[in-house]
Engineer: 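Have a look at this one.
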Amino acid sequence: MKILTSETATHLWRGDALAIAVFAKPKDPNEKTNEQVEGQVTKTLELSETLKQLDMKVLACTLTDLITEGEFTGESGTSVSGRVGVDYAVRKVILIGLGDPAKANADEWRKAAATAVKWANKEKAPSLAIAFPEYNQDVSATAQAISEGLLLAAHQDKRFKSKNNQPWRVERVEIVETKPEIADPAIAKAQQIVDGVILARELVSAPANIVTPITLAETAVAIAAESEHFTAKILEQAECEALGMGAFLGVARASDIPPKFIHLTYSKGTPKRKLAIVGKGLTFDSGGLNLKTGIGSSIELMKTDMGGSAAALGAAKVIAHLQPADIEVHFIVATCENMVNGSAMRPGDILTASNGKTIEVNNTDAEGRLTLADALVYADKLGVDAIVDLATLTGACVVALGEDIGGMWSIDDDFAEAIAKAAKDAGEKFWRMPLETPYFDQLKSVVADFKNTGSRAGGAITGALFLKQFVEKTKAWAHLDVAGPVWTERESGYNNAGGTGFAVRTLVNLIIN
């Protein structure tokens, strides 16, 4: 799919399909609602004068018919579409709602673009014009948001289908009534960002016999090769042993595949700030001797337990191409499998992390935090200004926030606000959760410094409190629990079923802004 731009007026464009995005009519607070007026017909959208002229002169009043028959109001997430006719400049048209203009954000443009390209694919339209209003009167931001929505929605992972029949795809999309000299660089940037998201999606979606710790290490080395500003260091098991990474290696020891400790470093110019991004990298989690069993255990989805590392590597790929200046970023992943054999860690075992703290393993299925413990100690020694870790850490977070929202914990309010802003601009949802210090009492151990799990109550919070024990020097740290949003079983917006690439764009925004 090729994305083009032009200053062509919408009424002069000629092609197969036209997508028009419109705002809903602002609500009058004094106007009575339909419920208050018995029998009142739904108030439909009123077209602007420009769209009225387009409708009459080019579209044979198709827009008017669609609005009336579909009772279209322009609310967010709604659309109506139809055929114009064979003898007209445009064969098919769709109206897409952006909702209240006072509340609209860039993600409305992404979702509207996704709706447009999915519709055009379904209608088998080779060419598609996008006629959307500017987001925040910003040509660049508008073009980037539209392009991200188009490209993410168009991506479908068919790698493991025996008959890899690609569905119909729009060949050419043209964003009309824009300024190419401003919009084209934004489209190029969107493509670079989407490439990183797709990398993360495909890492998460691939099965554990395809993506292993070795695969993740090879992926990291390949990313580093894309930019002269990247260096890659892969620590093997013996090197991890020399650093005292007993927690990480305790998880890894039952697997036939060796663990890998990944450290990618990006640096360009004189760093004004230094950031470490730590991603959980369990390429498969059996649960260990606390084996995941029974209905609802989701063991078949434990290939996704490296969603945090996928986001970190996806962001690294984007940064390799965007090349922001005057910043140093460390991407760190302690990757392994949590398997079962005669060497497996046992409930009751005591592991010693690389900062000397001892951990009683009372649940071998709480393994991700053990790998992150040594990764965080490693990051904490780098002298960075801030650390953010991402992990599919707890089912408790999914219970609390559902499948579309990630949890956020932080010891620094300014850093939490920066992440929240980066996420909002990306259209990715996080909810800040409390670091309730008294809850750490649940982790008290008779025989070690602490246990790796507490009770089920507040499980996502105690998971964050556990990780906090391994950040001692760095003043700003945040933990992101992305257990819900990294995978979806349904098509929604610009996400198709499978890995979502969640948090890649949030991390990129955090780094470059």
Side-chain angles (χ1 to χ4, degrees), residues 212-224 230-267 274-285 288 305-306 308-309 312-313 316 328-339 341-346 349-361 364 366-384 387 389 391 447-450 452 466-474 477:
T212 69
I214 296 171
T215 310
L216 288 186
E218 291 172 345
T219 300
V221 171
I223 290 169
F230 258 108
T231 59
K233 180 193 296 184
I234 309 297
L235 302 182
E236 302 296 342
Q237 181 168 338
E239 295 169 283
C240 294
E241 289 173 352
L243 291 172
M245 295 184 178
F248 168 43
L249 296 176
V251 177
R253 69 192 186 201
S255 174
D256 291 337
I257 300 173
K260 302 285 182 179
F261 192 96
I262 299 166
H263 180 193
L264 286 176
T265 303
Y266 172 85
S267 184
K274 298 180 181 181
L275 174 67
I277 295 171
V278 180
K280 176 184 170 184
L282 268 294
T283 58
F284 188 76
D285 173 25
D305 213 16
M306 35 64 67
S309 64
L313 293 176
E328 182 177 295
V329 189
H330 300 266
F331 300 88
I332 297 165
V333 175
T335 179
C336 65
E337 292 182 321
N338 184 25
M339 300 295 283
N341 69 11
S343 300
M345 63 178 177
R346 297 156 291 232
D349 281 2
I350 296 175
L351 305 178
T352 303
S354 48
N355 64 348
K357 292 185 178 180
T358 58
I359 307 158
E360 179 187 359
V361 179
T364 64
E367 83 302 325
R369 63 195 67 187
L370 298 174
T371 67
L372 286 170
D374 283 323
L376 286 169
V377 172
Y378 184 94
D380 196 36
K381 293 178 179 178
L382 295 174
V384 294
I387 299 172
D389 74 72
V447 293
D449 292 335
F450 41 82
N452 69 328
F466 176 91
L467 295 178
K468 183 174 178 287
Q469 309 310 306
F470 302 93
V471 180
E472 298 176 352
K473 299 177 182 178
T474 309
W477 162 75

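Counting begins at 1 with the first residue of the sequence. Because only heavy atoms are used, hydrogens play no part in the values below, and waters and symmetry mates are left out as well, while side chains stay in.
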Engineer: Tell me whether Asp256 at atom CG has more than 12 heavy atoms from other residues, nucleotides or ligands lying less than 6.0 Å away.
Structural biologist: no
Engineer: For Lys468, I'd like to know if atom NZ has over 12 heavy atoms of other residues, nucleotides or ligands within 6.0 Å.
Structural biologist: no
Engineer: For the pair Leu351 and Thr358, evaluate side chain to side chain contact (heavy atoms under 4.5 Å, CB included) and give the outcome as yes or no after the intermediate values.
Structural biologist: CA-CA 6 Å; Leu351 305 178; Thr358 58; over 6 Å; no
Engineer: If we only count heavy atoms from C-beta on, is the Val447 to Ile350 side-chain gap below 4.5 Å?
Structural biologist: yes
Engineer: Can you sort out the partners of Lys381 under side-chain contact (heavy atoms from CB on, under 4.5 Å), two or more places apart, ordered by chain and number?
Structural biologist: Val377
Engineer: Atom CG of Asp449 and atom CD1 of Ile359: how far apart are they, to the nearest 0.5 Å?
Structural biologist: 8.5 Å
Engineer: Any non-hydrogen side-chain atom of His330 less than 4.5 Å from a side-chain atom of Leu275?
Structural biologist: no
Engineer: Is there a side-chain contact between Ile277 and Ile332 in this structure, where contact means two heavy atoms from C-beta onward sitting under 4.5 Å apart?
Structural biologist: no
Engineer: Only pairs under 3.5 Å count here: list side-chain donor-acceptor contacts from residues 217-224, not counting sequence neighbours, and write none if there are none.
Structural biologist:
residue: Thr219; atom: OG1; partner: Thr215; partner atom: O; Å: 2.8

Engineer: Once you round to the nearest 0.5 Å, how far does OG of Ser354 lie from CG of Asp374?
Structural biologist: 3.5 Å
Engineer: Does a salt bridge link Asp305 with Lys280, judged by any charged N lying under 4.0 Å from a carboxylate O?
Structural biologist: yes
Engineer: Closer than 3.5 angstrom, by distance alone: can the side chain of Lys260 be matched with the main-chain N or O of Ala334 as a donor-acceptor pair?
Structural biologist: no
Engineer: Identify the heavy atoms of Val384 and Ala379 that sit nearest to each other, and give their distance.
Structural biologist: CG2-O, 4.0 Å
Engineer: Write down the atom of Thr283, the atom of Pro213, and the distance for their closest heavy-atom approach.
Structural biologist: OG1-CD, 3.2 Å
Engineer: Below 6.0 angstrom between ring centroids: does that apply to His263 and Tyr378?
Structural biologist: yes
Engineer: What is the distance from atom CG of Leu382 to atom OG1 of Thr474, rounded to the nearest 0.5 Å?
Structural biologist: 8.0 Å
Engineer: Examine distances only and state if a side-chain atom of Ser255 and a backbone atom of Ala252 form a donor-acceptor pair shorter than 3.5 Å.
Structural biologist: no
Engineer: Would you mind reporting whether Cys336 and Leu282 have side-chain heavy atoms less than 4.5 Å apart?
Structural biologist: yes
Engineer: Is any side-chain heavy atom of Glu328 closer than 4.5 Å to a side-chain heavy atom of Tyr266?
Structural biologist: no
Engineer: Out of curiosity, Glu337 CD to Glu367 CD, how far, rounded to the nearest 0.5 Å?
Structural biologist: 11.5 Å
Engineer: Please check: side-chain N/O of Asp380 versus main-chain N/O of Lys473, any donor-acceptor pairing under 3.5 Å?
Structural biologist: yes
Engineer: Quick check: does any side chain N or O of Asp389 sit under 3.5 Å from a backbone N or O of Leu372, one acting as donor and the other as acceptor?
Structural biologist: no
Engineer: Rounded to the nearest 0.5 Å, how far apart are CE of Met245 and CG of Leu235?
Structural biologist: 6.0 Å
Engineer: Determine whether Phe261 and Leu243 make a side-chain contact, defined as any pair of heavy atoms from C-beta on separated by less than 4.5 Å.
Structural biologist: no
Engineer: What heavy-atom pair brings Asn338 and Gly288 nearest, and what distance separates the two atoms?
Structural biologist: ND2-N, 3.5 Å
Engineer: Within a strict 4.5 Å, meaning less than it, do heavy atoms of the Ser309 and Leu216 side chains meet?
Structural biologist: yes
Engineer: Determine whether the aromatic ring centres of Phe466 and Phe450 lie less than 6.0 Å apart.
Structural biologist: yes
Engineer: For the residue pair Pro259 and Leu249, what are the closest heavy atoms and their distance?
Structural biologist: CG-CD2, 4.0 Å
Engineer: Of all heavy-atom pairs between Met345 and Thr364, which one has the smallest distance, and what is that distance?
Structural biologist: O-CG2, 3.4 Å
Engineer: Work out which heavy atom in Ala312 is nearest to a heavy atom in Phe331; give both atom names and the distance.
Structural biologist: O-CD2, 3.4 Å
Engineer: Could you grab the distance from atom CD1 of Ile387 to atom CG of Leu467, nearest 0.5 Å is fine?
Structural biologist: 11.0 Å
Engineer: Is there a side-chain contact between Leu264 and Thr231 in this structure, where contact means two heavy atoms from C-beta onward sitting under 4.5 Å apart?
Structural biologist: no
